[in-house]
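For reference, the structure I am asking about is given below.
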Amino acid sequence: MHPFVVNLNLFTMKHILTGLLLLGTVMAHAQICNDELEELTHLNQSNVRREISIPGFDQYQTLKCDFHIHTVFSDGHVWPTMRVAEAWQEGLDAIAITDHIEYRPLKKVVIGDLNESFKIAKRYGDGIGFIVIQGTEITRQKPIGHLNALFIDDANVMDVEDPLVAIDKALEQGAFIQWNHPGWPDDKSTLYPVHEDLLKANKIHAVEVLNHMEAYPIAYDWCKQYNIAPMANTDIHELITSNYGYGEGRMRPMTLVFATERSEQGIKEALFARRTAALFDGRLVGEEEYLMKLVEVSLKVRLISGKTVEITNISDIPFKITCGGKLYLFPTRKTVRISVPKEGALVVENCFVGLNKKLTIPFEYWSKVLL
Ligand SMILES: [Zn+2]
Ligand SMILES: [Zn+2]
């Protein structure tokens, strides 16, 4: 054999061997990956929903709702579908998308008319069986401030100069009008003549007594005074978790709606009938009748012996009750054994029925149940 040929053959074989070895390594590597692939699906929380336990009463179920939410279509940081995903995971029953009409800093980048963010969220909501309500925020300086129009079908026609005309255009669509964060941004919850006029004309149906991290105690009184519904909403612009954190114990602000059915129509009927309560950070604000019912259905009483009772809080609202100078705490989903006080009204320290007015359960009422 010619030495050159031998050399060539050796050269070729060396490369074939190297090639085979490399191929073997690649195949072995791929094989290892496939054999050892382990999907950690239990870490994927996108299909896991936390349940919030707040019982219903009479013929009503208690729905947990957020009627004030922003997306990138106004000044929010989040795509509309993510708002629905967050709310579903957080255990809510419904949300309203309420992007500003007049303030849309991203409109050159995020294309679409004033109904677009709702449409995107609604499509996603329909896919997972979650209620998404169409809304918008009419946004002006004080005195009139900001108002949400809920249950509308076209926000574009509300893009007009006069906010009163915008409200009328919303009312023509059967809207429910919510006065937002009356104490923002000046810390003064002032009810101006323009609000007085709107309230008299039945053009404001609700007020946010709690918004984001703020409470407006003077507005607790307006609910009774003007027959409007108390609301608590997030007004969320960032991620929910970046504002309210993670974990079982925490809860975003929410409006409790006492509805005959879990549907958009059910929610709308309940809102116009003013059957709501506002909830955030363990604080409940609402009409005496509804807060009383909530306390009653949340705290289950079992008589033990003599004057001792076990009280189980089946809800996710912690209750703080005082009686005769003593404080009783009823943490969520726990049972507490107490000696029943002999006299005095029960004051539910975290339930507000008006400005500086806490839910009070007279002795004659509770003693029949406990004594
Ligand atoms: Zn606002
Ligand atoms: Zn807002």
Side-chain angles (χ1 to χ4, degrees), residues 65-80 82-84 86-87 90 92 94-107 110 112 114-118 120-121 132-152 155 158-164 166-167 170 175-192 194-195 198 203-216 218-219 222 228-240 242-244 252-255 271 276 278 280:
C65 308
D66 187 348
F67 298 109
H68 195 162
I69 285 183
H70 294 280
T71 78
V72 285
F73 283 82
S74 60
D75 55 345
H77 302 184
V78 172
W79 191 251
M82 291 313 293
R83 288 295 181 224
V84 183
E86 282 176 330
E90 296 247 325
L92 296 194
I95 59 167
I97 300 290
T98 58
D99 280 312
H100 298 284
I101 294 177
E102 303 82 356
Y103 186 53
R104 292 184 291 149
L106 300 172
K107 69 180 170 192
V110 183
L114 295 169
N115 300 320
E116 198 60 39
S117 54
F118 161 74
I120 295 167
V132 181
I133 293 157
Q134 184 167 11
T136 193
E137 185 166 13
I138 302 164
T139 312
R140 297 291 192 282
Q141 302 281 335
K142 286 195 168 189
I144 195 165
H146 299 187
L147 299 111
N148 277 359
L150 306 172
F151 307 101
I152 55 168
M158 294 160 60
D159 191 4
V160 291
E161 200 165 327
D162 186 344
L164 296 175
I167 291 170
F176 180 86
I177 308 290
Q178 167 193 284
W179 178 13
N180 298 341
H181 45 69
W184 182 90
D186 56 4
D187 298 336
K188 293 184 187 75
S189 300
T190 310
L191 196 142
Y192 291 98
V194 65
H195 302 120
L198 287 167
K203 291 182 178 183
I204 289 179
H205 309 115
V207 63
E208 280 183 337
V209 294
L210 307 171
N211 169 291
H212 186 48
M213 307 274 177
E214 296 181 344
Y216 314 110
I218 197 167
W222 298 342
I228 52 177
M231 314 286 266
N233 300 311
T234 58
D235 197 357
I236 189 74
H237 287 72
E238 298 159 6
L239 283 171
I240 278 287
S242 67
N243 277 199
Y244 302 104
R252 59 197 271 173
M254 61 188 72
T255 302
L271 289 192
T276 68
F280 182 49

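Values below: all heavy atoms of this structure, side chains included; hydrogens, waters and symmetry mates excluded. Atoms within each ligand, like the ligands themselves, are counted from 1 in listed order.
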* Specify whether an N/O/S atom of H68 falls short of 2.8 Å from the Zn ion (ligand 2). => yes
* Asked: Do the ring planes of H146 and H100 sit parallel (below 30°), tilted (30 to 60°) or perpendicular (above 60°)?
  -> perpendicular
* Structure fact -> the Zn ion (ligand 1) -> E137, closest N, O or S atom is OE2
* **Check: H181 ring centre within less than 6.0 Å of H212 ring centre** => no
* Structure fact -> Output field for angle at the Zn ion (ligand 1), H181.NE2 vs H146.ND1, rounded to 10°, should show 100°
* Have a look at Q178 and tell me which of L147, N233, I228 forms a side-chain contact (heavy atoms from CB on, under 4.5 Å) with it. => N233
* Presence of N, O or S from D235 under 2.8 Å of the Zn ion (ligand 1) -> no
* Asked: Parallel, tilted or perpendicular for Y244 and F280, by the 30°/60° rule?
  -> perpendicular
* To do: Decide whether N148 and E208 meet the rule of one side-chain donor and one side-chain acceptor closer than 3.5 Å.
  => no
* Do you see an N/O/S atom of H100, backbone or side chain, under 2.8 Å from the Zn ion (ligand 1)? -> no
